[in-house]
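To start, the structure itself, in structure tokens.
Start at 1 with the first residue, then count along the sequence. We use all heavy atoms of the structure for the numbers below, so side chains are in, but hydrogens, waters and symmetry mates are not.
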Amino acid sequence: GKLKDICGSGSKMKRSSSLGNLSQAGGGLDGSHQRFLKLADCRLGLLGILNEKKTGADVIRQLLLLDYSLETQQSVIIQGTGSETRLPVLCDQMQALVTSVVGHMPLHGELRAMLLDWMRLAPDCANLKFGTGAVESALLLKAMCDRMLRVVGEQVDTFQTLLGPKAAFLGAAVGTNREVLEVFVDEVLRGSSLFSVSLVLKRLEPQLRELAHLPPWQMISSVERPVQGELVAVDRMLHMQDKIFETPTILLSGAVSGEEEVPVGVQAVLVRDAASAPDILSHCAVRARNSGVLLATCFDPELTKKIEDEYVGKWVEVTCKSDGTLLIQVAERPQADPKKMRKMARTASRDLTQDALLLDQDETKLVNMNLRDDLKCKWAITPSEMDQRQVGSKSLNLALLKPKLPKDIKTPQAVALPYGTMQKALTCTENAKEWLPKLEACLHQLQPTTSNEDARVIFEEAQVYINKLVMSKDLEEELRKAMEKVGAEDGEKRLLNLYNKREAWDATKQVWASLFGLRPWVSLAKAGRSFHDLNMAVLCQELLPAKYAFVLHTKNPFTHDPDEVYGEVVPGRGETLVGNFPGRALSFRAKKGEAPVVSSFLSKSTWLRTQECLIFRSDSNGEDLEGFAGAGLFESICARGDIPNMVKFHRLRLVTDQGYRQNLLSRLAEVGRQVEEAFGGFPQDIEGCVDPQDRIFIVQSRPQV
């Protein structure tokens with residue numbers, strides 16, 4: 001009966017009366033849209049039948065074939081309406097397409113979440129009635145589109161992985177032309193709703209960018225001077241940090257996760273599209289700004305294609321313009337010998353790596369890392385005992401900041417294992433006989449000219465030995481006493497109540513083990529810092545139940561305006577922000593005395609719910625090197641793992657409630673200014689969170705680079 005209603009003439013469905021009257025929808029874009037919606041209603045009806053338990057197996061195949069035919073007709077309509085630019089129409093089409101995709105992939109949690117977001121939020125956005133009006137409507141739709149684009153890309157990759165090898169094997173067995181096999185999976189996907197979704201996204205992009213007044217480029221790390229180099233196209237930057245470009249190079253790159261180190265010799269990185277771009281405050285972005293490397297994302301596919309077609313392999317000059325765009329033009333290649341070109345490719349922070357690579361074998365020196373001198377340190381110290389001889393900037397800045405902040409801005413309870421504690425643990429009776437000699441022998445293999453591959457193997461062995469260490473009874477006793485003292489001073493034993501010996505020791509060892517890693521080896525060498533001068537303190541903090549996490553730069557890092565705070569906010573713990581989980585944070589800027597302005601809405605997929613425990617944060621002297629962004633080089637470990645959750649925009653008050661959003665962003669901007677004032681007016685890079693009671697906590701502040 002239901003199938004007859006769908007296919008016959010007697011249905012009284014909301015949008016269409018039957019499949020049989022598609023020809024009556026009229027012509028033009030309006031007629032095409034009406035036909036599309038009728039097909040969507042029919043597919044929705046079929047989905048209902050498919051989901052009924054009493055639907056027989058013999059009928060399901062016929063229903064799926066009918067649904068595939070309807071999907072094909074929808075695809076034909078989408079492909080034939082390339083001139084459609086109306087937001088309500090495009091949003092209707094997107095919702096219908098995602099509904100059908102979810103119907104066939106009901107266990108895909110993110111697609112389900114995005115469908116609900118489109119149903120609840122897209123209508124107001126399409127009519128420019130969300131938030132403050134057209135701009136915020138376009139920005140939220142843009143965030144939803146970016147997330148959809150990322151998920152579609154992931155599904156395409158999945159189908160390529162599933163179908164590609166099988167198609168190649170079967171095709172080769174029957175003698176199919178190689179050209180056919182190379183595009184087989186692409187053609188299969190072109191017949192699916194995923195292809196239609198990608199077309200609608202492509203049509204939405206320019207409309208949204210125009211409404212939101214977004215330039216085709218996003219400057220993640222801008223530079224004042226023009227930069228020159230040979231333009232080289234790469235698929236992704238991952239695994240390229242070992243590569244050395246002997247000539248000044250400008251990379252046109254695909255995916256940039258945010259964890260990479262910019263390769264030696266690279267003067268600029270141009271990211272092809274938004275889906276491939278790193279977060280503005282990711283570790284890669286911070287290091288690029290500190291090193292004076294241009295890092296920018298292009299949002300215009302046609303512009304990216306033009307750059308690739310016209311400039312790859314040529315010597316170009318790239319200039320950052322005041323309107324937020326880039327000027328790329330062919331320049332005259334310098335007439336220089338290879339030695340001079342290598343010198344041009346270097347920056348001040350990269351000379352050490354280059355020099356080490358050029359050393360002759362007889363010039364190498366054995367590395368002697370301090371593993372025995374405990375610097376006469378205590379096992380554990382409280383904030384009142386902290387100074388720059390014992391701890392890094394994370395611990396010390398919080399200790400200095402706490403008494404200077406207003407009472408409504410809070411900091412987490414904390415103690416620290418100071419510099420020398422690792423050496424003290426290595427030389428105590430529990431570890432000195434077995435693990436210290438093995439670690440020394442392992443690190444003795446390192447030399448300034450050791451290749452990165454060999455160094456990686458050595459570091460992995462060193463990490464094994466660190467994780468074998470036994471906790472000294474004295475360390476356990478002193479750590480507990482320090483926590484008791486902090487609790488007594490604050491009137492709450494929050495830190496001690498979260499302490500668990502096994503969890504604490506395992507996390508501490510993981511922080512120490514992160515000293516022995518390839519990224520610190522490469523990054524510190526580039527900065528002219530000896531890897532083997534490092535000391536590691538560990539900041540033991542209570543892990544706060546974060547409703548939102550934020551990062552603030554009290555001097556806008558893009559406009560360099562000292563009176564404008566730039567910030568980014570994500571739901572849950574801040575690892576999704578600084579760790580560069582896929583998608584962007586909600587970003588905003590706030591001038592002194594003015595209301596905050598949203599620059600982009602959230603497009604993250606995951607938020608992390610914390611468990612009640614301690615977090616053990618790396619606090620090395622390498623992170624305090626003047627002019628060097630050491631962020632992200634070493635690990636911070638939660639005693640208990642976070643619980644991943646799916647982001648649902650329509651359930652986030654930060655997204656849906658304009659008044660709440662403006663109030664919270666205003667408070668965050670003011671907190672940033674107060675922290676900056678507490679540190680003598682020097683611009684600060686601040687990390688913090690908002691708890692379920694909307695109280696603001698500062699968990700870290702350091703000078704902005």
Side-chain angles (χ1 to χ4, degrees), residues 366-400 414-444 446 459 462-463 465-483 485-486 504-505 507-517 520-521 524 527 529-541 616-626 628 630 633-637 702:
L366 293 178
V367 166
N368 294 308
M369 186 174 185
N370 170 31
L371 297 176
R372 292 179 177 270
D373 183 3
D374 64 12
L375 308 176
K376 299 180 180 178
C377 70
K378 292 184 176 181
W379 281 113
I381 58 176
T382 63
S384 61
E385 300 172 279
M386 294 176 186
D387 59 45
Q388 61 185 2
R389 293 179 292 103
Q390 300 186 84
V391 294
S393 60
K394 285 181 185 176
S395 305
L396 186 57
N397 285 352
L398 272 184
L400 295 173
V415 297
L417 308 182
Y419 296 151
T421 309
M422 183 182 74
Q423 290 82 353
K424 202 176 183 77
L426 283 165
T427 54
C428 71
T429 54
E430 291 88 345
N431 301 304
K433 186 174 180 180
E434 183 174 6
W435 302 119
L436 176 57
K438 289 184 177 181
L439 184 61
E440 286 180 324
C442 171
L443 295 177
H444 191 70
L446 280 174
F459 288 141
Q463 289 177 352
Y465 297 141
I466 289 292
N467 282 300
K468 293 285 188 180
L469 297 179
V470 177
M471 189 178 195
S472 161
K473 292 181 180 179
D474 290 339
L475 170 55
E476 179 188 359
E477 183 180 336
E478 292 302 317
L479 182 58
R480 183 179 290 275
K481 283 182 178 178
M483 290 181 178
K485 184 177 179 181
V486 168
W505 184 234
T508 299
K509 289 187 293 185
Q510 289 182 63
V511 174
W512 286 342
S514 70
L515 272 170
F516 309 103
W521 170 264
L524 294 171
R529 178 81 173 189
S530 172
F531 177 88
H532 307 281
D533 290 337
L534 281 176
N535 271 314
M536 176 71 79
V538 180
L539 179 63
C540 313
Q541 284 183 327
F616 296 79
R617 302 169 66 98
S618 59
D619 194 20
S620 78
N621 57 348
E623 298 185 29
D624 298 327
L625 179 63
E626 185 177 352
F628 173 70
L633 287 180
F634 309 106
E635 297 294 334
S636 292
I637 306 295
R702 58 188 168 207

Test item: Asn467 side-chain N/O and Leu469 main-chain N/O as donor-acceptor pair under 3.5 Å: no
Student check: side-chain heavy atoms of Leu515 and Met422 closer than 4.5 Å: yes
Check: Val470 main-chain N/O paired with Asn431 side-chain donor or acceptor under 3.5 Å: yes
Flag side-chain contact, heavy atom, 4.5 Å: Arg617 against Gln541: yes
Sidechain-backbone polar pair: Glu635 side chain, Ser618 backbone, donor-acceptor under 3.5 Å: no
Tyr419 side-chain N/O to Asp374 backbone N/O, donor-acceptor pair under 3.5 Å: no
Value rounded to 0.5 Å, distance of CD1 in Ile466 from CG in Leu426: 5.0 Å
Atom of Val511, atom of Val538 and distance for their closest heavy-atom approach: CG1-CG2, 3.9 Å
Lys438 bridged to Glu434 by N-O distance under 4.0 Å: yes
Trp512 and Trp505 aromatic ring geometry - parallel, tilted or perpendicular at 30°/60° bounds: perpendicular
Ser514 side chain near Met536 side chain, heavy-atom distance below 4.5 Å: yes
Heavy-atom donor-acceptor pair, Lys424 side chain to Cys377 backbone, under 3.5 Å: yes
Worked verdict on Tyr465 versus Cys442 for side chain to side chain contact (heavy atoms under 4.5 Å, CB included): CA-CA 9 Å; Tyr465 297 141; Cys442 171; 4.0 Å; yes
From CA spacing to verdict: side chain to side chain contact (heavy atoms under 4.5 Å, CB included), Leu417, Leu475: CA-CA 9 Å; Leu417 308 182; Leu475 170 55; 4.0 Å; yes
Heavy-atom closest pair, residues Ala414 and Val486: O-CG2, 3.6 Å
Atom pair OG (Ser395) and CD1 (Ile381), whose distance is rounded to the nearest 0.5 Å: 7.5 Å
Salt bridge Glu440-Arg372, side-chain N to carboxylate O under 4.0 Å: yes
Min side-chain heavy-atom separation Cys428-Asp474 under 4.5 Å: no
Close side-chain approach of Asn535 and Gln423, heavy atoms under 4.5 Å: yes
OG on Ser620 to NZ on Lys394, rounded to 0.5 Å: 7.5 Å
From Ile637 atom CD1 to Thr508 atom OG1, the distance as rounded to the nearest 0.5 Å: 10.0 Å
Candidate pair Ser384 and Thr382, rule side-chain hydrogen bond (donor to acceptor under 3.5 Å, both in side chains), full reasoning: CA-CA 5 Å; Ser384 61; Thr382 63; 3.1 Å; yes
Shortest non-hydrogen separation from Trp379 to Pro418 and the atoms involved: O-CD, 3.6 Å
Heavy-atom pair of closest approach, residues Ser393 and Asp619: N-OD1, 3.4 Å
Approximate separation, where rounding is to 0.5 Å, of Phe634 CZ and Gln510 CD: 16.0 Å
Any donor-acceptor pair under 3.5 Å from Gln390 side chain to Glu385 backbone: yes
Separation between CG of Leu443 and CG of Asn370, rounded to the nearest 0.5 Å: 11.5 Å
